[in-house]
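See structure below.
Only this structure's heavy atoms are used, side chains among them; waters, hydrogens and symmetry mates stay out. Naming convention: chains lettered A, B, ... in sequence-line order (proteins, then strands); numbering from 1 in each chain.
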2 protein chains.
Amino acid sequence: MKLSTKGRYGVKAMFDLAQHMGEAPVSLKSIAERQGLSEHYLEQLISGLRKAGLVKSIRGAQGGYVLGKDPDKIRIGDIIRVLEGPIAPVDCVSEEDPESCHKAEFCVTRTVWEKVRNSIAEVLDSITLEDMLNDAAKLESDRSLYMYYI
Amino acid sequence: MKLSTKGRYGVKAMFDLAQHMGEAPVSLKSIAERQGLSEHYLEQLISGLRKAGLVKSIRGAQGGYVLGKDPDKIRIGDIIRVLEGPIAPVDCVSEEDPESCHKAEFCVTRTVWEKVRNSIAEVLDSITLEDMLNDAAKLESDRSLYMYYI
DNA sequence: ACAAATCCCGAGTGATTTAATAAGATATCC
DNA sequence: GGATATCTTATTAAATCACTCGGGATTTGT
């Protein structure tokens, strides 16, 4: 029940892009450095995000990436689905093309996995990049307070 | 974000045992046959369940396994934790021994994974083997109705 | 006493997935 | 034209998965 690095790195990278909204395009190199990730590996991940329209690329010198939509239109679930595939704790309850199973209609364990899938999807689809930006701002102000009291 | 076969087979096996409550001990062989699983592989899984007290074993001829507690005291989450380890979509928010991270206090992505972890745990801990037995009885009666109308 | 059934335990293994790395082609700015 | 980037494909070392195998210990029925 682990997310792979694809999902984790992808969300980090997208959040990094969200933090640089409105500025010049952000190069993979700078994202990789800030987030402590492999640049070449990120390249593969962001390729999928681009094809899905979640980021736009600007090629050439001074190029880089920008978000493909406003941060409030990008849900964490969207990112995860692109990078990890459809949400599915087990294949027979996959969000798309569930592995067919002749006893699916009357399988009890299946309904358990469906509930798990729904609760994961619900959480991931309830959080947008904008929510994360707000949370980050909140954490930052908390930290200032904390530092003040030391 | 997939469960391995350990968790899936384990829940199937435990449910099978729940369906045979009060009867003679159930052999691995019969569970494996009914559920379509490898007997030797199942042996490894049930070994962990026994050490955790979720099943009791009776050795020798006519031996087998029985549930270690009443079905309403065994949550799916208990089974999953034994077979798949602590619930943790990413290591830094593991239920036990979360991988330390110097910026954990102020990490925004971390709070996302915490929410995912909590929602998974909540679902898995809200379902007991008894619930599954009840659901199975319900499905069975639905099926009778359905067959009637064909 | 013995054979059959059954649990118990550890080692080995082929296939797949993961997480990169490498190398080179293409595009753009200055 | 050179520096800076993105794009694309191929390769790979390590880990994990899902078993398989072999043998030992324990209990039951004959």
Side-chain angles (χ1 to χ4, degrees), chain A residues 1-13 16-17 20 23-33 35-68 80 83-85 88-91 99, chain B residues 1-13 16-17 20 23-68 80 83-85 88-91:
Chain A
M1 277 304 259
K2 286 260 168 43
L3 224 56
S4 76
T5 54
K6 289 180 192 170
R8 287 195 284 130
Y9 293 3
V11 171
K12 278 195 175 196
D16 191 292
L17 284 179
H20 292 84
E23 302 173 19
V26 181
S27 72
L28 272 190
K29 190 177 177 186
S30 67
I31 299 178
E33 275 172 9
Q35 306 293 332
L37 311 173
S38 149
E39 184 184 345
H40 278 297
Y41 189 42
L42 252 189
E43 215 162 39
Q44 294 176 19
L45 307 188
I46 211 153
S47 158
L49 296 170
R50 181 176 51 82
K51 282 166 190 162
L54 295 181
V55 302
K56 284 176 189 153
S57 65
I58 294 97
R59 300 184 65 165
Q62 273 65 54
Y65 295 90
V66 293
L67 288 186
I80 296 296
L83 295 171
E84 306 256 351
V90 323
D91 282 332
E99 183 186 70
Chain B
M1 277 304 257
K2 287 259 169 45
L3 224 56
S4 76
T5 54
K6 290 180 192 171
R8 287 195 285 130
Y9 293 4
V11 171
K12 278 196 174 196
D16 191 292
L17 284 179
H20 292 84
E23 301 173 18
V26 180
S27 73
L28 269 190
K29 190 177 178 186
S30 68
I31 299 178
E33 275 171 9
R34 266 192 304 273
Q35 306 294 331
L37 311 173
S38 149
E39 185 184 344
H40 276 297
Y41 189 43
L42 205 49
E43 211 163 41
Q44 294 175 15
L45 307 186
I46 211 154
S47 158
L49 296 171
R50 180 176 52 80
K51 283 166 190 163
L54 295 180
V55 302
K56 283 176 191 155
S57 65
I58 295 97
R59 301 184 66 166
Q62 272 65 54
Y65 295 89
V66 294
L67 288 186
I80 296 296
L83 294 171
E84 306 257 351
V90 322
D91 283 332

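Rounded to whole angstrom, the span from the CG atom of Leu45(B) across to the C1' atom of dC9(C) amounts to 14 Å. If you take CD1 of Ile58(B) and C1' of dC8(C), they are 14 Å apart, rounded to a whole angstrom. Atom CE in Met1(A) sits about 18 Å away from atom P in dT16(D), given to the nearest Å. What separates NZ of Lys2(A) from C1' of dT16(D) is a distance of 12 Å, to the nearest Å. Nucleotide dT28(D) holds its P atom 12 Å from the CZ atom of Arg59(B), rounded to whole Å. Taking atom CG on Asp91(B) and atom P on dT16(D), their separation rounds to 10 Å, with Å as the unit. The interatomic distance linking Lys6(A) (NZ) with dA19(C) (C1') rounds to 9 Å, in whole Å. Atom OH in Tyr65(B) sits about 9 Å away from atom C1' in dT6(C), given to the nearest Å.
Residue Ala61(B) places its side chain closer to dT27(D) than to any other of dT4(D), dT27(D), dC7(C).
Distances shown here put every side-chain N or O of Ser47(B) at or beyond 4.0 Å from the OP1 or OP2 atom of dC8(C). Between Tyr9(A) and dA20(C) there is a side-chain polar atom (N or O) within less than 4.0 angstrom of OP1 or OP2. OP1 or OP2 of dC7(D) sits under 4.0 Å from a side-chain N or O of Arg50(A). Contact between the side-chain N/O atoms of Ser57(B) and the OP1/OP2 oxygens of dC7(C) is not found at any separation under 4.0 Å.
At a threshold of 4.5 Å between non-hydrogen side-chain atoms, the residues Glu84(A) and Leu3(A) count as touching. Between Gln44(B) and His40(B) there is no side-chain heavy-atom pair separated by less than 4.5 Å. Residues Arg34(B) and Val26(B) have side chains in contact (heavy-atom distance under 4.5 Å, counting atoms from C-beta outward).
Donor-acceptor pairing under 3.5 Å is lacking for the side chains of Ser38(A) and Tyr9(A). Looking at Tyr41(B) and Thr5(B), their side chains do bring a donor and an acceptor atom within 3.5 Å of each other.
Annotation: the span from Asp16(B) atom CG to Ser30(B) atom OG amounts to 6.5 Å, rounded to 0.5 Å. Atoms CG and NZ, from Leu67(A) and Lys56(A) in turn, are 9.5 Å apart once rounded to the nearest 0.5 Å.
Residue contacts shown for Ile46(A) are absent, as no nucleic acid heavy atom lies under 4.0 Å away.
Toward the 5' end of DNA chain D, the nearer of the two residues Gly60(A) and Lys51(A), judged by each one's closest nucleotide, is Gly60(A).
Non-hydrogen atoms lying under 4.0 Å from DNA chain D are contributed by Ser38(B), His40(B), Tyr41(B), Gln44(B), all within residues 28-44 of chain B.
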